[in-house]
Amino acid sequence: MTATASVERTTHEVVPDAAWRDEVRRLAEQRNAVILAHNYQVPEIQDVADHTGDSLALSRIAAESDASTIVFCGVHFMAETAKILSPHKTVLIPDARAGCSLADSIDAEQLRAWKAEHPGAVVVSYVNTTAEVKAETDICCTSSNAVDVVRAIPAEQEILFCPDQFLGAHVRRETGRENLHVWAGECHVHAGINGPELAERAAANPDADLFIHPECGCATSALYLAGEGTVPAERVKILSTGGMLTAARATRARSVLVATEVGMLHQLRKAAPDVDFRAVNDRASCRFMKMITPGALLRSLREGVDEVHVDPEIAERARGAVRRMIEIGNPGGGE
Ligand code: 13P
Ligand code: SF4
């Protein structure tokens, strides 16, 4: 994988006003570009995009889009996944430095060594991985369809699940599979949303629903709170970011505590304006997602940067695993 970063970067910040918005839309049309934004992007980017959604929804849209250019406002592995699915399209990310600490927690060499210890095991990798790791993978998943993906694999089949330990624990709990080995990786943002913090917030807001992303360090504690009756079980929901939007539209609660990256609050508040959504941890902001600034998006559309390239041989090997991922599970938010 390589990405060509432009040498000159916007040094002054751009004000995301109506003129900015018009210029972004004009340039996108001129380039025949579709703008995709993840739910963790800043509100202005979410609002100017053609589609805002979770990882699975955006992968599906990228695969189906007729546009010749995809501008991916998210992190690098997401843009790379779009390039794997659409090798003939131009894929741009407004700032190629937008990485992911979870994707960095396993590389292809480590995965090959793990596979060698478990010959014949099926490898399920979270989409938050590099193209090289996907090339060593049998089937990818996102948080919206990880349980469905694992359920689709025969029960006697040994599985290696990487790289997120909290999502892996959630999948093991949901499927009851003992033969699922989990890599000990984590996302620094979600791992930092911890159990004691959640318990304290839940005690202070006894009527609130809890929406918990399965990458969170507090996911196990949330189920413990439900199990011991501190919070009624039907109020605790472990959900992908797309699943949170569906649950937001359906909830009867007046307030919801949200355990995920804080960018998510914008879409939730739009989906259910009468509900009071609050972050369990309001410092849970992903600095990589926030590298995609209004100025960076403008520069990307003006200059055609940063272009994402994936080695064709790696992309070819990764494509089957990514295609299997987009075929399984319910549509995520944004589709
Ligand atoms: P989803 O959008 O699949 O819930 O993923 C969350 C995430 O952490 C992406 O980086
Ligand atoms: Fe990666 Fe975590 Fe940021 Fe998501 S929130 S992009 S998993 S570092």
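Each ligand, and each atom within it, is numbered from 1 in the order the structure gives. Quick note: residue numbers are just sequence positions, from 1. We use all heavy atoms of the structure for the numbers below, so side chains are in, but hydrogens, waters and symmetry mates are not.
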Using a 3.5 Å distance criterion without hydrogens, assess whether the side chain of [X] forms a donor-acceptor pair with backbone atoms of [Y].
{"X": "Gln30", "Y": "Leu301", "value": "no"}
{"X": "Arg319", "Y": "Ile84", "value": "yes"}
{"X": "Ser86", "Y": "Lys83", "value": "no"}

Tell me, which protein residue and heavy-atom name are nearest [atom], and how many Å apart are they?
{"atom": "atom 7 (C) of ligand 1", "result": "Tyr40 CE1, 3.4 Å"}
{"atom": "atom 3 (O) of ligand 1", "result": "Ser55 OG, 3.0 Å"}
{"atom": "atom 2 (O) of ligand 1", "result": "His38 NE2, 2.7 Å"}
{"atom": "atom 10 (O) of ligand 1", "result": "Asn128 ND2, 3.4 Å"}
{"atom": "atom 8 (O) of ligand 1", "result": "Glu215 OE2, 3.2 Å"}

Practice problem: Report yes or no: does Glu215 have a heavy atom closer than 4.0 Å to ligand 2? | Solution: yes

Quiz item: Counting heavy atoms not belonging to Glu234, are there more than 12 under 6.0 Å from its CD?
Solution: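 Counting neighbours around CD of Glu234, more than 12 heavy atoms of other residues, nucleotides or ligands fall under 6.0 Å, so yes.
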
Salt bridge or not between [X] and [Y]? Use side-chain N to carboxylate O under 4.0 Å.
{"X": "Asp50", "Y": "Arg25", "result": "yes"}
{"X": "Glu327", "Y": "Arg324", "result": "no"}
{"X": "Arg317", "Y": "Glu136", "result": "yes"}
{"X": "Asp306", "Y": "Arg299", "result": "yes"}

Self-check item: ILVMFWY clustering at 4.5 Å (side-chain atoms), partners of Trp183
Solution: Ile106, Leu111, Trp114, Val123, Val133, Leu160

Quiz item: Tracing side-chain links under 4.5 Å among I, L, V, M, F, W and Y, which residues wind up in one group with Ile238?
Solution: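 Ile238 clusters with Ile193, Leu198, Leu210, Ile212, Leu223, Leu225, Val231, Val236, Leu257, Val280.
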
Before signing off on this row, confirm whether [X] and ligand 1 have an N or O atom pair separated by under 3.5 Å.
{"X": "His190", "value": "no"}
{"X": "Ser144", "value": "no"}
{"X": "Thr142", "value": "no"}
{"X": "Ser240", "value": "no"}

Self-check item: Atom indices of ligand 1, in the order listed, that fall short of 4.0 Å to a heavy atom of His213
Solution: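 Taking each heavy atom of His213 in turn, ligand 1 has 1 (P), 4 (O), 5 (O), 6 (C) under 4.0 Å.
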
Self-check item: Subset of ligand 1 atoms that lie under 4.0 Å from at least one heavy atom of Met78
Solution: 9 (C), 10 (O)

Quiz item: Could a heavy atom of Asn39 be found less than 4.0 Å from some atom of ligand 1?
Solution: no

Self-check item: Ligand-side contact atoms (ligand 2) for residue partner His188, heavy atom cut-off under 4.0 Å
Solution: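 So the atoms of ligand 2 that pass are 8 (S).
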
Quiz item: For ligand 1, which part of Glu261 has a heavy atom less than 4.0 Å away: the side chain, the backbone, both, or neither?
Solution: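 Glu261 to ligand 1: no contact under 4.0 Å from either part.
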
Quiz item: Does any donor atom in the side chain of Thr137 or Ser125 lie under 3.5 Å from an acceptor atom in the other side chain?
Solution: yes

Quiz item: Would Glu186 and Gln165 count as having a side-chain donor-acceptor pair, cut-off 3.5 Å?
Solution: yes

Practice problem: For residues 249-266, pull every pair meeting side-chain hydrogen bond (donor to acceptor under 3.5 Å, both in side chains), keeping only residues two or more places apart or in separate chains. | Solution: Tyr40-Thr260, Asp47-His266, His190-Thr260, Asp209-Thr251, Glu261-Lys290

Practice problem: At a cut-off of 2.8 Å, list the protein N/O/S atoms near atom 1 (Fe) of ligand 2, residue plus atom name. | Solution: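 Correct list: Cys100 SG.
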
